[in-house]
Colleague: 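Pasting a structure here, questions to come.
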Protein chains: 2
Amino acid sequence: MTAAEKKRREMRETIRDASIREFARNGLAGTSTQAIADAAGITKAQLHYYISSKEELYQEVLRYIVEQWREIFFLAASPEDPATAISRYIEQKLKHALEYPDISRFFAREIARGAPEMSPHWCGLRKAVEEASGVINRWIEGGKIKPVDPLLFQINMWAVTQHYAEYEAQVRVLMNKAADAPLDDGRIIKEATTLFLLRCGLTEEGMVS
Amino acid sequence: MTAAEKKRREMRETIRDASIREFARNGLAGTSTQAIADAAGITKAQLHYYISSKEELYQEVLRYIVEQWREIFFLAASPEDPATAISRYIEQKLKHALEYPDISRFFAREIARGAPEMSPHWCGLRKAVEEASGVINRWIEGGKIKPVDPLLFQINMWAVTQHYAEYEAQVRVLMNKAADAPLDDGRIIKEATTLFLLRCGLTEEGMVS
DNA sequence: AAATAGTTTGACCGATTGCTATGATTTTGT
DNA sequence: ACAAAATCATAGCAATCGGTCAAACTATTT
């Protein structure tokens, strides 16, 4: 009962993690079920015993990622002052990208394909972005930050934070870091935070100009 | 002689363009030679008459892209003032990303794979980035811009400009643009330019603070 | 201990993979 | 006009693709 269920759930997680790695590297079409099975340390037939099809596994992983992100990343709900909210958002997002780069890469591949499996998920993401735009607009109206295009401001924060996951290989070369050495998160987070705070006329200490 | 060579070259270009589209969508492993042939409007056997192998076609396309980028994008050689140089760089890079998104997507996929075919090309890109870092440092020393991490400043400019190619599908959803409607380049370019100019303490009109 | 349920396995399916052999067809230089 | 060269399409190669199957195996319940 409990032991069997637990083992089954663990196997599911193993398969999901392995498939995220493989899908992130080679995409849906480029990843064979054999490769996923190898990465999970099981047989191909065994894999097909646990999943119903490759496509459905892919969709399940996508659902898992979108849900995870919706829980973690929302600029909207923070009641604090703009500087704290923005700093925290960037730090959070960058740390996630650096720690779980395959998740960002998986998502990026889906979008680059034209996002054919994303239709059920757009609505939620859109609402979150619009809500955050409202918060930013209120900051502007309240004179707490300089005028900004709220939507593009968010998109650009996404762009920078995602980049360090997807382009990790390039960043490593330019920063002279071996594949096993850890990247200098502090340096990256600091520069990114400064970039977006200054855009709003803010610094870590307070408002400017 | 001339006519035959011209036709041959045109066929090569057709194949290259078609393969960029396909590789950009589904990656190296996920793209079949049949799909490339279909996209180029020829037979699979005919395709294999013009290319020696799928991998080599892929490498040739990668070489073509890297070379193209080295010619177009270099922050270094501009002798103008920082504001003009940065504005021009961002506009140039963004326009390219919006006009030829598949090229950016192709490159992004190669990097996300771990960049196994990039080793011959890193040296050149690295040198260009280091050269640009020198220029930026001289701007800082000359008091023309505020202190910046030169490397991360460049990486972040890349991040934003590339993003609008790779995440076009998502940007379209958030900006309420249909697949055939053109994106609002002006709006995107303006916000991105402001973002990076403000980071240096600049505006379109001149230095600030 | 017998019966049952859940899991793993290797063999196998038709379809597709990258790529080639070969002969037909077209284009070319003379 | 004719031979040589380049280009094309058909068919086919072994290998791999996603997925299935029944039989072997293991664990759990009675």
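Bear in mind the structure is a predicted one, so any value in this text is a computation, not a measurement. Computed from heavy atoms alone, side chains included, the values below leave out hydrogens, waters and symmetry copies. Order of the sequence lines fixes the chain letters, A, B, ..., with proteins taken first and strands second; residue numbering starts at 1 for each chain.
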Colleague: Under 4.0 Å from OP1 or OP2 of D/dA9: is there any side-chain N or O of B/Thr43 that close?
Modeller: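 Yes.
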
Colleague: Mind calculating the distance between CD1 (A/Ile51) and P (D/dC17) to the nearest angstrom?
Modeller: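 Computing the A/Ile51:CD1 to D/dC17:P distance gives 14 Å.
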
Colleague: Across the strands shown, which category fits A/Gln46 at heavy-atom distances under 4.0 angstrom: base, sugar-phosphate, nothing?
Modeller: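 Since a base atom lies under 4.0 Å of A/Gln46, the category is base.
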
Colleague: Rounded to the nearest Å, what distance is computed from the NE2 atom of residue B/His48 to the P atom of nucleotide D/dC13?
Modeller: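 B/His48 atom NE2 is separated from D/dC13 atom P by 17 Å.
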
Colleague: Treating B/Thr31 as the side-chain partner and B/Leu28 as the backbone partner, does any N or O pair qualify as donor plus acceptor under 3.5 Å?
Modeller: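 It does not hold such a pair.
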
Colleague: Check the distance between C/dT20's P and B/Leu47's CG and give it to me in whole angstrom.
Modeller: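 Taking CG of B/Leu47 and P of C/dT20, I get 12 Å after rounding.
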
Colleague: Roughly how many Å is it from CZ in A/Arg8 to P in C/dA5, rounded to a whole number?
Modeller: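 Whole-Å distance recorded here is 16 Å.
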
Colleague: For B/Tyr58 and C/dT17, what is the distance between atoms OH and P respectively, to the nearest whole Å?
Modeller: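 Value for this atom pair: 19 Å.
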
Colleague: Please give, in whole Å, the distance from D/dG19 C1' to A/Tyr50 OH?
Modeller: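 Spelled out: OH on A/Tyr50 to C1' on D/dG19 is 17 Å.
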
Colleague: Counting only N and O atoms by type, is there a donor-acceptor contact under 3.5 Å from the side chain of B/Glu110 to the main-chain atoms of B/Leu62?
Modeller: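 It does not hold such a pair.
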
Colleague: With side chain to side chain contact (heavy atoms under 4.5 Å, CB included) as the criterion, how do A/Arg199 and B/Phe196 come out once you've worked through the C-alpha distance, each side chain's angles and the decisive distance to 0.1 Å?
Modeller: CA-CA 8 Å; A/Arg199 174 62 186 90; B/Phe196 288 100; over 6 Å; no

Colleague: For the backbone of A/Thr84 and the side chain of A/Ser87, can you confirm whether one donor and one acceptor N or O come within less than 3.5 Å of each other?
Modeller: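 No, because the side chain of A/Ser87 does not come within donor-acceptor range (under 3.5 Å) of the backbone of A/Thr84.
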
Colleague: Out of C/dC19, D/dC8, D/dG18, which nucleotide sits closest to the side chain of B/Met11?
Modeller: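 Out of C/dC19, D/dC8, D/dG18, the nucleotide with an atom closest to B/Met11's side chain is D/dC8.
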
Colleague: So, does B/Arg109 use its side chain to make a donor-acceptor pair with the main chain of B/Arg25 at under 3.5 Å?
Modeller: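 Yes, because the side chain of B/Arg109 sits within donor-acceptor range (under 3.5 Å) of the backbone of B/Arg25.
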
Colleague: Separation of B/Gln34 atom CD from C/dA15 atom P, in whole Å?
Modeller: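 From B/Gln34 CD to C/dA15 P: 16 Å.
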
Colleague: When the distance from NZ of B/Lys6 to P of C/dT28 is rounded to whole Å, what number comes out?
Modeller: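 After rounding, the gap between these two atoms is 12 Å.
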
Colleague: Answer yes or no on whether A/Lys93 is positioned over the face of A/Trp69, meaning its NZ or CZ is under 6.0 Å from the six-membered ring centre and within 45° of the axis.
Modeller: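 So A/Lys93 does make the cation-pi contact.
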
Colleague: Counting only side-chain N and O atoms of A/Tyr49, is one of them less than 4.0 Å from OP1 or OP2 of C/dT8?
Modeller: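 No, A/Tyr49 has no side-chain N/O under 4.0 Å of OP1/OP2 on C/dT8.
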
Colleague: Under 4.0 Å between a side-chain N or O of A/Ser32 and OP1 or OP2 of D/dC17?
Modeller: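 So the side-chain polar atoms of A/Ser32 do come within 4.0 Å of the phosphate oxygens OP1 or OP2 of D/dC17, strictly under.
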
Colleague: Report the residue (A/Glu55 or B/Lys44) whose heavy-atom-nearest nucleotide on DNA chain D is the more 5′ of the two.
Modeller: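 Whichever sits nearer the 5' end wins; that is B/Lys44.
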
Colleague: Hey, can you pull the donor-acceptor pairs under 3.5 Å for the side chains in residues 32-45 of chain B, sequence neighbours left out?
Modeller:
unit_1  : atom_1 : unit_2  : atom_2 : d
B/Ser32 : OG     : B/Ala35 : N      : 3.1
B/Thr33 : OG1    : B/His48 : NE2    : 3.4
B/Gln34 : NE2    : B/Asp38 : OD1    : 3.1

Colleague: Using a cutoff of under 3.5 Å, can you pull out all pairs of nitrogen or oxygen atoms linking the protein to nucleotides 23-27 of chain D, with atom names and distances?
Modeller:
none

Colleague: When you match B/Leu28 and A/Ala45 each to their closest nucleotide on DNA chain C, which lands nearer the 5' end?
Modeller: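 Checking each residue's closest nucleotide, the 5'-ward one belongs to A/Ala45.
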
